[in-house]
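Here's the structure we're looking at; comments come further down.
In what follows, every chain begins at residue 1, and chains take the letters A, B, ... in the order their sequences are listed. Worth knowing before you read on, the calculation uses all heavy atoms, side chains too, and leaves out hydrogens, waters and symmetry mates.
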Protein chains: 2
Amino acid sequence: MKHEGPKAQALTEEDICQRVRDSVLEQRLAPGTKLTEESLCGVFGVGRTTVRRAFLLLSRDNIVELQRNKGAVIASPSPDEARQVFEARRTVEAALLARATENASEADIAQLRAHLAKEKDALSTADIARWIRLTGEFHLHLAKIAGNDPLFQFLEQLVFRSSLIITLYGRHGRAAHSCKGDEHTRIVDALETGDSTTANKVMAEHLSEIESTLNFDRSAAGGDLHQIFGMAHAS
Amino acid sequence: MKHEGPKAQALTEEDICQRVRDSVLEQRLAPGTKLTEESLCGVFGVGRTTVRRAFLLLSRDNIVELQRNKGAVIASPSPDEARQVFEARRTVEAALLARATENASEADIAQLRAHLAKEKDALSTADIARWIRLTGEFHLHLAKIAGNDPLFQFLEQLVFRSSLIITLYGRHGRAAHSCKGDEHTRIVDALETGDSTTANKVMAEHLSEIESTLNFDRSAAGGDLHQIFGMAHAS
DNA sequence: AGATATTAAATTGTTGACAATTTATGTGAA
DNA sequence: TTCACATAAATTGTCAACAATTTAATATCT
């Protein structure tokens, strides 16, 4: 039995971007990780041209940082960038939530409930990677309902950057703790009753709580082994 | 005397993106315009690789549409996209304006006043292309003051798309007419006195007015000669 | 040893030739 | 003429070889 199908359709740059984004969302790719062209070529079975295009697109979304003659590295948002990203999220998600409250159909609510169940399941089975991704996707699901593509795509970028930020500055265990309040469920509840005010309030608190769990004291540059191990820099 | 300097530093893909964006902002590049690789190579004196990268970046910003094996075309936003873009602008600019009201220094206000003078000058000298660009840049200037880079970059995208939309659906002469109210000046006035409420109100009216001048009745796909000349489509 | 300079390896950047596809052109029959 | 089909031109997509740069390794000197 072969590992690949008979045709093995070649992956496009968008496919690779999606894979990288998913990995970032599940925190399997940490900020500072070096991505060499050759390795990704091998992993995805594509030419250097495709990988290169993927890097360019990812750099436009601030997911990877592209340094001249030095290649691609998973971005390491600074504390100030982190603050701005969450500020932007509060702004955009408030607007999206208002729209979603107007537009949400019964089917939408049902889908959101199903999503909440998945989150709960992932948490109970201790599948943290899956839970982390689902948590991010919940916000994107809400954004989709709002029906504004530019805002949706923008929030998508912000969610991915948030993932990088949490990986960098998040206190371990705090993420799960912040789930205690079950804010996602409360947001859907408010959405169902058309209570836009409450939904916005909960969302604002939710985002602020996530941001408040961040700890900027330690190393600014993630993935720097020297700092991680408390060693001085070589050269 | 040579036309180029002795070194003639090679342009980068960002340079080319900027040129294209500027052309869009001044409405010198209409939606539907085909951009061949060869022609841009000739114009900017760069290799095909660079042009290709520029296309990819521009497509990510919805400024050009990239079709497989068919090349790059200046995007033609649909009426529905237009609505969403302006909706997004109202959302984002409201938030940016609120931040700008808090952050604006005297120097910022002075710069904005200088910008207003430029707008007035361009209008009085009938330099419409320049006026159109300045009008767009005014909003970006405001966004810069707000001090949130993600929101700024997002608005940048929206402004460029707005330019395409106005080129496509704008009634001629209406743009200048909408300047009668001199809303930009009123926004700066409100900003100077810290009157966030008034600033937001004027901005919201301003954007809605621009949107209301659009006419979606005629050709949806810009650059489509069939529709322009009132002919039926061939195949 | 420790630091510095030199050489080798690895990685990225660029170019040009060739393949694949689309678009334009031309030819002939109904 | 007009449609269909075949051919040619033009344009885009892909790949591999080469150049430029960075990183690692080695050698050399104090």
Side-chain angles (χ1 to χ4, degrees), chain A residues 4 7-17 20 29 32-60 63-76 221 223-229 231-235, chain B residues 7-17 20 29 32-60 63-76 221-229 231-235:
Chain A
E4 295 280 352
K7 278 292 178 182
Q9 185 79 322
L11 291 113
T12 176
E13 62 266 13
E14 270 303 332
D15 296 324
I16 295 178
C17 285
V20 173
L29 262 180
T33 305
K34 174 74 188 296
L35 300 179
T36 63
E37 296 179 357
E38 195 184 18
S39 61
L40 289 212
C41 288
V43 169
F44 296 117
V46 298
R48 225 146 61 88
T49 309
T50 308
V51 171
R52 215 147 228 284
R53 276 199 296 252
F55 282 168
L56 202 60
L57 289 174
L58 289 170
S59 77
R60 188 83 188 92
I63 292 172
V64 308
E65 191 179 345
L66 228 45
Q67 295 169 359
R68 168 100 185 174
N69 286 326
K70 287 183 138 202
V73 176
I74 300 291
S76 299
D224 187 321
L225 297 181
H226 292 282
Q227 294 203 359
I228 287 177
F229 295 123
M231 307 296 286
H233 275 267
S235 57
Chain B
K7 277 290 175 183
Q9 187 78 323
L11 290 103
T12 178
E13 63 265 14
E14 271 303 332
D15 296 324
I16 295 177
C17 285
V20 173
L29 262 180
T33 305
K34 175 74 187 295
L35 299 179
T36 64
E37 297 179 356
E38 194 185 18
S39 61
L40 290 212
C41 288
V43 168
F44 296 116
V46 297
R48 222 147 62 89
T49 308
T50 307
V51 171
R52 215 145 225 283
R53 277 199 297 253
F55 282 168
L56 202 59
L57 290 174
L58 289 169
S59 76
R60 188 81 188 88
I63 292 171
V64 309
E65 191 178 347
L66 226 46
Q67 295 169 357
R68 168 101 185 171
N69 287 326
K70 287 183 139 200
V73 175
I74 300 290
S76 299
D224 186 322
L225 296 180
H226 291 282
Q227 295 206 359
I228 288 176
F229 294 125
M231 307 296 287
H233 276 267
S235 56

Separation of [X] atom [atom1] from [N] atom [atom2], in whole Å?
| X | N | atom1 | atom2 | result |
| --- | --- | --- | --- | --- |
| A/Glu65 | C/dT12 | CD | P | 15 Å |
| B/Leu35 | D/dT12 | CG | C1' | 14 Å |
| B/Arg52 | D/dT11 | CZ | P | 14 Å |
| B/Glu38 | D/dA9 | CD | P | 15 Å |
| A/Asn69 | C/dG13 | CG | P | 6 Å |
| A/Glu37 | C/dT11 | CD | P | 10 Å |
| B/Leu66 | D/dT11 | CG | P | 16 Å |
| B/Lys34 | D/dT11 | NZ | C1' | 7 Å |

side-chain N/O [X] vs [N] OP1/OP2, d < 4.0 Å:
| X | N | result |
| --- | --- | --- |
| B/Arg48 | C/dG16 | no |
| B/Lys70 | C/dT21 | no |
| A/Arg68 | C/dT12 | no |
| A/Arg53 | D/dT14 | yes |

Tell me, do [X] and [Y] make a side-chain contact under 4.5 Å, heavy atoms counted?
| X | Y | answer |
| --- | --- | --- |
| A/Phe44 | A/Asp15 | no |
| A/Leu29 | A/Val20 | yes |
| A/Glu13 | A/Leu56 | no |

query: If every non-hydrogen atom of B/Leu11 is compared with every non-hydrogen atom of B/Val46, which pair is closest and at what distance?
result: O-CG1, 3.6 Å
- request: Identify whether any heavy atom of A/Thr49 sits under 4.0 Å from a base atom; if not, whether one sits that close to sugar-phosphate; answer base, sugar-phosphate or nothing.
  value: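 Base contact.
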